[in-house]
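Keep in mind it's a predicted model, so treat the numbers as computed, not measured. We count ligands from 1, going down the list as the structure has it; atoms in each ligand are counted the same way.
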Amino acid sequence: MATRIMVVDDDPLVGELSSALLRDAGYEVELVDDSIRALELIKAKPPAVAVLDILMPGLDGMTLCHRIKSDPGTKEVRVVIVSGKAFHADRKRALDYGAELFIEKPYDVDTFAKQVAALIAGQAPPPPAATEEAKLGTQEQAGAETKLTMTVWGCRSLSPFKGGEPSRYGRNTSCVSLETESDILIFDAGSGIVPLGREIVKNGRYKDLWLFLSHFHQDHFEGLAEFAPAYTPGYKLNISGANDPGQALQDRVQRIFETAPPDLGALQAELQLFEMMEETYEVLPGVQVSPYFANHPGTTLGFVIDLAGLRFSYSPDAEIYGEEGTALQDYDERLGRLIQGSDLLVHDGRYLDSDYQTRKNNGHSSYVNTVHLAARSGVKRLVLFHHDDAYTDAILDRIDADAQKIVADKGYKMQVVMAREALKIGI
Ligand SMILES: [Zn+2]
């Protein structure tokens, strides 16, 4: 069942355009040109989203927004104000009245439906140009109830042609942080860990750092040698990774720091290494980490973190077989059990389905298979991760829109978000 959106606009041209863009994005759209009638319809059957013009005869969009948001029966309807009357005061008033999004007219036809989709997915819409910078220690802003804050520092696959065109999703390779009320857990040390390291030293809040390495492919450890806390006195670096029969974790990590450029200075942090198996470890009071072997070449771990009744799962590189899997390929079923009920899952969704057909058994997933498996495993929020470095923003936007459509069409009760640098999600 498609998500329902009501467009309220007295200008038939703009109203039709907005409706067509949203319909193309897979939504069920009703266009109403009279705001008083719109309020009656919204009360009778609240849509998921109402897109309102400000300047309308009868009830103006602001008043309509206020009525929707102050009625317990309709206050859950998400309101988008679309208006050419984009004075700062209007924008502020719209947000004060409870509108979730304010879009100026004339709006960008390429991003309009995407902004609405991002709102439905529960995320702030992505910034129009370059990515903003990620920051630490802003949990308070995510709401008083937030116990964990996940931040993406890098979400790309290894780049054979580094420094491609600028991307809203970022170009850094795998790194994600998870902040609890008192500690920080870091997953992978791709190039995204370099800005994170600088932020940790600048912020000064965390001294005892926990780093979990999924595996030793370059895009998951290439930033470790430049991790600033390693060269700053007063830090303890607890590094956990797979117990790989081929090479001890100790040797690999030592070699990374030994071969680091000498101008980085001498290693200062106290290093503590833990080789992990498929077991549950209580790494900090109340923080349980359960690594498991992921479907990816070499010894590769995925991680499930349980803390204060919340579950966070991270599996950046793993192939889900989907419906074409054979009876012998039982990984999907196993993964489904492991990630069951995750409040937040960060998972490989690297390929377009068409590209996946020619890259099977490489250890990465089609986002389509990832979305279906996560939803069927009761995941509440899915972050599609490990974007192919060759993909442009246009392709990634298309993946995003299609992922939203799959969720809407199947009626899944799961939110899907595309990973991008500086994405922050509180749970
Ligand atoms: Zn890999």
Side-chain angles (χ1 to χ4, degrees), residues 152-162 164 169-177 186-194 196 211-227 239-249 251-253 255-256 275-278 289 291-304 313-322 325 329 331-332 334-335 338-339 345-352 355-356 358-367 369-370 373-374 382-391 396 399 418-419 421:
V152 173
W153 301 85
C155 54
R156 286 277 183 171
S157 67
L158 182 62
S159 173
F161 29 82
K162 268 228 155 54
Y169 295 87
R171 290 272 164 206
N172 279 318
T173 51
S174 298
C175 181
V176 160
S177 66
I186 303 163
F187 297 88
D188 278 335
S191 61
I193 203 171
V194 180
L196 168 59
L211 170 61
F212 299 89
L213 297 171
S214 62
H215 64 310
F216 279 90
H217 284 161
Q218 195 183 330
D219 49 340
H220 296 263
F221 72 85
E222 65 182 344
L224 186 55
E226 292 175 60
F227 187 49
I239 303 181
S240 305
N243 176 18
D244 187 336
Q247 200 171 10
L249 180 68
D251 296 342
R252 287 187 191 263
V253 171
R255 207 178 55 215
I256 288 171
E275 294 202 333
M276 291 185 136
M277 323 260 279
E278 276 200 340
V289 179
Y292 62 90
F293 293 113
N295 188 25
H296 188 73
T299 308
T300 302
L301 296 177
F303 298 95
V304 176
S313 302
Y314 174 80
S315 180
D317 289 33
E319 181 167 356
I320 292 171
Y321 292 115
Q329 294 170 323
Y331 180 70
D332 294 12
R334 189 164 171 270
L335 178 67
L338 289 161
I339 60 172
L345 166 68
V346 175
H347 198 283
D348 188 326
R350 175 165 174 174
Y351 292 131
L352 288 165
D355 285 340
Y356 176 65
T358 58
R359 296 173 203 185
K360 284 185 181 170
N361 301 314
N362 279 357
H364 294 286
S365 298
S366 149
Y367 70 91
N369 289 339
T370 304
L373 185 86
L382 167 67
V383 175
L384 290 172
F385 193 77
H386 210 283
H387 308 317
D388 193 280
D389 196 69
Y391 285 177
L396 295 175
I399 291 178
M418 288 294 274
E421 280 172 38

Legend entry - N, O or S from H220 under 2.8 Å to the Zn ion (ligand 1): no

Legend entry - Ring center gap for H386 and H347 short of 6.0 angstrom: no

Inset, instruction - Please work out whether the ring planes of F303 and F187 are parallel, tilted or perpendicular, with thresholds of 30° and 60°. - result: tilted

Inset, instruction - Decide yes or no for W153 and I186: does some side-chain heavy atom of the first lie under 4.5 Å from some side-chain heavy atom of the second? - result: no

Inset, instruction - Give the atom name of whichever N/O/S atom in H217 sits closest to the Zn ion (ligand 1). - result: ND1

Legend entry - P316 vs D188 side-chain heavy atoms within contact, under 4.5 Å: yes

Inset, instruction - Say whether, by atom type as modelled, one donor and one acceptor occur between the side chain of S214 and the main chain of T300 under 3.5 angstrom. - result: no

Inset, instruction - Please state whether the separation between the Zn ion (ligand 1) and some N/O/S atom of D317 is under 2.8 Å? - result: yes

Legend entry - Metal check, the Zn ion (ligand 1) vs H364 N/O/S, cut-off below 2.8 Å: no

Inset, instruction - Give the name of the N/O/S atom in H215 that lies closest to the Zn ion (ligand 1). - result: NE2

